[in-house]
Amino acid sequence: MPELPEVETIRRQLAPQLIGRTFVAGDAHESVKFAPALDAVGATVTDVRRRGKYLIFDLDDGAEELIGHLGMTGSFSRTAAEGEHPACTAHDAWVRAVWRMDDGNDLVFRDVRRFGRLRVVTAGDYADIPTLRDMGPEPFDPAFNGKVLHERLQGSRRAVKTQLLSQRPVAGVGNIYADEALFLAGIHPLSRRVGRARADRLAETIVAVLRAGVDNGGTTLRDYVDAEGDAGRNQHDLVAYGRGGEPCVECGTALQTRTIDARTSTFCTRCQRV
DNA sequence: CCAGCAGCCTGAAAGC
DNA sequence: TGCTTTCAGGCTGCTG
């Protein structure tokens with residue numbers, strides 16, 4: 001599932017191909033999740049940014065933004081133009097949006113499970129995108145540290161993992177990297193009390209696992225591919241996520257799996273303290 | 001305002 | 001073999 005490293009990988013690949021290009025036509029799935037893709041037709045891409053797990057295409061020097069979320073199975077790719085007019089059906093059954101660019105290529109958004117979303121907003125107006133509006137600091141921003149994380153975790157009494165997945169303490173952490181960061185920090189996912197010292201450690205491990213994910217081109221468990229269609233390599237480095245029943249790399253205890261907030265969580269009952 | 005949870009989606013894998 | 005059930009889960013929006 002695309003989290004910060006996967007989205008960042010895609011951003012880096014798309015940016016040089018799209019900056020300066022104009023959307024000259026488009027086609028989109030009828031769902032309200034994808035139809036807004038057509039609102040970008042006529043606009044020129046002036047930058048391709050990322051905020052948490054959201055891709056943000058700046059349009060017309062910042063007047064508007066095309067915002068994309070990959071959901072569970074979303075992916076972007078570029079292909080030579082297919083047909084005289086862009087059409088989702090010219091590709092495969094899971095393509096939800098196609099934009100024809102002024103360089104004769106198509107930008108394609110494919111999303112099997114349709115958990116993704118596309119929309120165009122006035123620049124910076126995220127009133128209708130609550131997760132983006134309330135998003136915490138970027139983990140790679142120098143301003144993000146244990147002090148900031150500690151303060152932001154104080155705002156809620158919910159379990160630390162639940163808070164991380166909300167995107168409010170810090171941007172871009174999903175289920176995989178949350179399990180990894182909590183494991184490396186020695187913090188139980190159900191902990192409701194993360195003091196300053198543990199917050200310092202957690203901030204460090206969050207940055208470390210996300211950086212490793214970017215360096216490895218993302219984590220591919222099943223669906224994720226980058227904008228070139230290639231899988232990531234970070235799945236080989238995971239030490240907690242998806243390893244329930246296997247021995248903890250630190251102490252050898254069998255890792256435990258349980259559902260927290262309808263999501264699978266894997267952790268070590270010995271190394272990770274509540 | 002906050003916590004908790006149903007619903008959105010579909011293919012792969014497991015179960016029978 | 002083939003049908004049915006379970007599972008994966010980010011985010012939205014509703015409810016108490």
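The figures that follow rest on heavy atoms only: side chains count, while hydrogens, waters and symmetry mates do not. Each chain gets a letter, A, B and so on, in the order the sequences are listed, and its residues count up from 1.
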Tell me whether the OP1 or OP2 atom of C:dC11 has a side-chain N or O from A:Gln167 closer than 4.0 Å. yes

Go through the N and O atoms of the side chain of A:Arg263 and the base of C:dA8, and report whether any donor-acceptor pair is under 3.5 Å. no

Whichever of A:Lys33 and A:Arg168 has the more 5' nearest nucleotide on DNA chain B, that residue is A:Arg168

Rounded interatomic separation in angstrom, taking CG from A:Leu55 and C1' from C:dC11: 16 Å

Counting side-chain heavy atoms from C-beta on, which of C:dT12, B:dA3, C:dA8 comes nearest to A:Arg158? B:dA3

Return yes if some donor-acceptor pair links the side-chain N/O of A:Arg51 with the main-chain N/O of A:Met135 below 3.5 Å, else return no. yes

Rounded to whole Å, CZ of A:Phe115 lies from C1' of B:dC8 at a distance of 5 Å

Ignoring backbone atoms, establish whether A:Ser156 has a side-chain N or O less than 4.0 Å from OP1 or OP2 of B:dA3. yes

Just checking A:Leu132: base, sugar-phosphate only, or nothing, at a heavy-atom cut-off of under 4.0 Å? nothing

The Watson-Crick or G-U wobble partner of C:dT1, with both key distances under 3.5 Å, is none

Indicate whether OP1 or OP2 belonging to C:dG9 is found under 4.0 Å from a side-chain N or O atom of A:Tyr241. yes

Looking at A:Thr131, I'd like to know whether one of its side-chain N or O atoms comes within less than 4.0 Å of OP1 or OP2 on C:dT12. yes

Side chains of A:Tyr126 and A:Glu65: do they bring a donor and an acceptor to under 3.5 Å? yes

Taking CG from A:Leu164 and C1' from C:dC11, how many angstroms apart are they, rounded to a whole number? 16 Å

So, does A:Thr264 get its side chain near the phosphate of C:dA8, meaning an N or O under 4.0 Å from OP1 or OP2? yes

Answer yes or no: is there a side-chain heavy-atom contact under 4.5 Å between A:Tyr241 and A:Thr219? no

Going by heavy atoms in the side chains, are A:Leu107 and A:Arg78 under 4.5 Å from each other? yes

To the side chain of A:Val112, which of B:dC9, B:dT10, C:dC11 is closest? B:dT10

Check whether any side-chain N or O of A:Arg114 sits under 4.0 Å from OP1 or OP2 of B:dT10, and answer yes or no. yes

Below the 4.0 Å mark, does C:dC11 have OP1 or OP2 next to a side-chain nitrogen or oxygen of A:His69? yes

Respond yes when some side-chain nitrogen or oxygen of A:Trp94 is under 4.0 Å from OP1 or OP2 of B:dG11, and no when none is. yes

Would a line drawn from the ring center of A:Phe57 to the ring center of A:Phe23 be shorter than 6.0 Å? no

Taking the nucleotide of DNA chain B with the nearest heavy atom to each, does A:Ala159 or A:Arg222 sit closer to the 5' end? A:Ala159

